[in-house]
Amino acid sequence: MPEGDTVWNTARVLHRALADARLTGSDFRVPQLATTDLTGWTVRESASRGKHLLLRLAAPDAAHWTLHSHLRMDGAWRAYAPGERWNGRPAHLIRVVLRSPGAVAVGYHLHELALVPTAEEDGLVGHLGPDLLGPDWDAAEAVRRLGADPERTIGEALLDQRALAGVGNLYKCEVLFLRGVSPWTPVGAVSDLTGLVTLAQRLLAANRGRWTQSSTGSLHRGQTSYVYGRRAQPCRRCGTAIRKQELGERVTYWCPVCQPERPDAPPAG
Ligand SMILES: [Zn+2]
């Protein structure tokens, strides 16, 4: 599942493959960019902001542009050597191909693909809260933004990219387990929001540079999470069956014993 760390890794792959390269061809397979041709453009750098990817380019007239993409649940970028077989995903999922002398970057099932002046990046990512993996990560600001709506459940608030950018459903579930907080707890009733966001930042940072997302420290299949994806399996701490239920627009996983609910929270089955 693409969360902040996956997007960070993807940005690094693209940076290594394309930074400083002059593109020898491009092929956009989305209507809004169907006539765009980036041949002769130079890739300056690739960066991530929360779950957004920003490929910064210089046009032949030296103007700075940004190719924006979002992976959502299912998008991916792959870099291939010239002539290498593209084995990442089925071809009908390809949304863009960028060719350079040293590498070919292929974007699969990308969302929100757009080419905008770099000076206007804020229009795409300016609404985001502090980026957990950004150079300007600011835990206090993230806590302030989370606290702006104290009635909302912490399970929903952690996924709000306007509060903090980079947490997806997996890290949400795992962080709440590790802190012993029920996902249904109102934000205003969470005793240590700073500890929560600091742990989220540490978990994402620990998974930079690898594609396996682990919150347990184990990279073995089936052992990488405490609660996420483990419905009805025994809690690794107390043995109670892990539960799964809708929360807002997403499902959540939790241990009812390690993450006790407040008396005023709705009953969870
Ligand atoms: Zn438990």
Side-chain angles (χ1 to χ4, degrees), residues 1-6 8 50-51 73 129 132-133 137 139 142-143 145-147 149-161 163-269:
M1 169 159 313
E3 302 197 27
D5 55 339
T6 305
W8 190 94
K51 297 197 261 182
M73 308 285 280
L132 289 145
L133 298 180
W137 164 241
V143 167
R145 290 179 178 227
L146 281 173
D149 186 353
E151 304 295 321
R152 185 162 60 163
T153 68
I154 188 64
E156 291 171 288
L158 282 177
L159 293 179
D160 183 350
Q161 304 296 301
L164 69 174
V167 171
N169 211 23
L170 183 152
Y171 288 113
K172 174 204 81 180
C173 295
E174 295 297 294
V175 165
L176 291 174
F177 173 82
L178 286 163
R179 299 293 301 184
V181 176
S182 163
W184 279 269
T185 309
V187 168
V190 175
S191 58
D192 186 5
L193 277 179
T194 302
L196 206 63
V197 301
T198 301
L199 178 61
Q201 196 278 335
R202 274 177 33 212
L203 283 181
L204 264 80
N207 284 305
R208 276 183 302 197
R210 65 182 183 220
W211 299 99
T212 302
Q213 294 171 308
S214 173
S215 56
T216 61
S218 171
L219 297 179
H220 293 291
R221 193 180 177 85
Q223 296 175 25
T224 56
S225 70
Y226 286 102
V227 290
Y228 184 82
R230 299 192 65 242
R231 185 174 75 91
Q233 295 180 48
C235 172
R236 298 191 194 283
R237 281 195 178 150
C238 74
T240 303
I242 298 300
R243 291 191 189 171
K244 172 187 178 184
Q245 188 172 313
E246 304 274 328
L247 170 58
E249 295 175 354
R250 306 290 293 277
V251 299
T252 197
Y253 297 86
W254 83 107
C255 171
V257 173
C258 294
Q259 299 165 262
E261 289 182 36
R262 289 157 43 88
D264 56 351

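Just so you know, these numbers come straight off a predicted model, no measurement behind them. Counting begins at 1 with the first residue of the sequence. Atom set for the values below is all heavy atoms of this structure, side chains included, hydrogens, waters and symmetry mates excluded. Numbering of ligands and ligand atoms starts at 1, following listing order.
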Would you list the atom pairs, donor with acceptor, under 3.5 Å between side chains in residues 226-233 and any protein atom, with sequence neighbours excluded?
{"from": "Arg230", "atom 1": "NH1", "to": "Tyr226", "atom 2": "O", "distance (Å)": "2.8"}
{"from": "Arg230", "atom 1": "NH1", "to": "Pro234", "atom 2": "O", "distance (Å)": "3.2"}
{"from": "Arg230", "atom 1": "NH2", "to": "Pro234", "atom 2": "O", "distance (Å)": "2.9"}

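With 3.5 Å as the limit, one finds no donor-acceptor pair spanning the side chains of Gln223 and Thr216.
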Would you check, one step at a time, whether the test side-chain contact (heavy atoms from CB on, under 4.5 Å) holds for Asn207 with Tyr171?
-> CA-CA 11 Å; Asn207 284 305; Tyr171 288 113; 2.8 Å; yes
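Of the residues Arg208, Arg210, Gln213, the one that meets the side-chain hydrogen bond (donor to acceptor under 3.5 Å, both in side chains) test with Asp5 is Gln213.
For Asp160, the side-chain hydrogen bond (donor to acceptor under 3.5 Å, both in side chains) partners two or more places apart in sequence, or in a different chain, are Arg152, Arg162.
Counting only protein N, O or S atoms closer than 2.8 Å to the Zn ion (ligand 1) gives 4.
Sequence neighbours left out, the pairs with a member in residues 185-200 that pass salt bridge (Lys or Arg N to Asp or Glu O under 4.0 Å) are Arg179-Asp192.
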